[in-house]
2 protein chains.
Amino acid sequence: MQDDAQLDAIFSALAHPTRRDILARLAKGPATVNELAAPYDISLPAISKHVRVLQNAGFIAKGRNAQFRPCTLDASAIARVADWTAAYSHIWDARFDAMDHVLKNLKGDPE
Amino acid sequence: MQDDAQLDAIFSALAHPTRRDILARLAKGPATVNELAAPYDISLPAISKHVRVLQNAGFIAKGRNAQFRPCTLDASAIARVADWTAAYSHIWDARFDAMDHVLKNLKGDPE
DNA sequence: ACATTAATTAACACTTTTATTAATTAACGA
DNA sequence: TCGTTAATTAATAAAAGTGTTAATTAATGT
């Protein structure tokens, strides 16, 4: 997927409270689609679609265990969001410069 | 605006390449709506709506100067995105722990 | 005053998103 | 085998998003 198109998918996926909620749930550990659906008043197919959207955006990896589909959080898509914000960090937070400096050192890339 | 609703607005706003592009443009400095529209093939009203979406999400402050509407980037909404990712940082990047530690020190909140 | 420029509003068309219920697929287990 | 459970697919409806052109508002400057 192209960079722009993937950011479209990523941000669209995050633009729904239920989907952000599902990510928060998965941050605590894997869950099946039914488990993910449990807290909500909406139908299972609706949740199934939300999961699909998150999967297409790269937030979720879906496994197979018998008739279950255990979902796990794939952190890389979230990291891409963080990367996107980093391009603006110099504007919103002067501390970023210090952070950036520290990160370079942690990476073994001292200036 | 409620927290959830504002994140909806923020992420929806970012879910369109033209709008992300406009933010990138404004990161370089203020611009009027016409200036923002210049690079694109779409109509001025379409850009005007994109700007409105960004404004409603809190990304843009729109001033008044005669018949011009100089737009400036409001970094706080971008910071909110960064904050959102921070809740997941412990998953996607072990370095965050070190970063977090450093940030606390920078804030004058040593452990 | 009047034409020009900047921008928004209005009315409309088209597509996508989000949800529903019913039907289907697939694997389990008694 | 046959009923149960997990999940998806299909058909559909309502709402939101994205774009268009034409009309309108508001301020400029000669």
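Keep in mind the model is a prediction, meaning the values are calculated, not measured. Below, chains carry the letters A, B, ... as their sequence lines are ordered, and counting in each starts from 1.
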State which of [options] makes the closest approach to the side chain of [X].
{"X": "B/K62", "options": "C/dT8, D/dT20, D/dT28", "answer": "C/dT8"}
{"X": "A/A66", "options": "C/dA19, C/dA27, D/dT9", "answer": "C/dA27"}
{"X": "A/R52", "options": "C/dT20, D/dA7, D/dT8", "answer": "D/dT8"}

Would you call A/R19 and B/D8 a salt bridge, using N to O less than 4.0 angstrom? no

Below 4.0 angstrom, N of the basic side chain to O of the carboxylate: do B/K62 and B/D74 qualify? no

Which residues satisfy the ring pair (Phe, Tyr, Trp, His ring centres under 6.0 Å) test with A/F59, sequence neighbours excluded? none

Quick check: closest heavy atoms across A/Y40 and A/I47, and the distance to 0.1 Å? CD1-CD1, 3.7 Å

Of all heavy-atom pairs linking A/A75 and B/I91, the shortest is CB-CG2, 3.5 Å

Starting at the 5' end of DNA chain C and moving along, which residue's nearest nucleotide shows up first, A/S43 or B/Q67? B/Q67

Start at the 5' end of DNA chain C and walk down; is the nucleotide closest to B/L44 or to B/K49 reached first? B/L44

Within residues 16-37 of chain A, those residues having any heavy atom closer than 4.0 Å to DNA chain D are A/T32, A/V33, A/N34

Please work out whether the ring planes of B/H16 and B/H50 are parallel, tilted or perpendicular, with thresholds of 30° and 60°. tilted

Any A/H50 side-chain nitrogen or oxygen under 4.0 Å from OP1 or OP2 of C/dT17: no

So, is A/S48 close to the D/dT8 phosphate, meaning a side-chain N or O under 4.0 Å from OP1 or OP2? yes

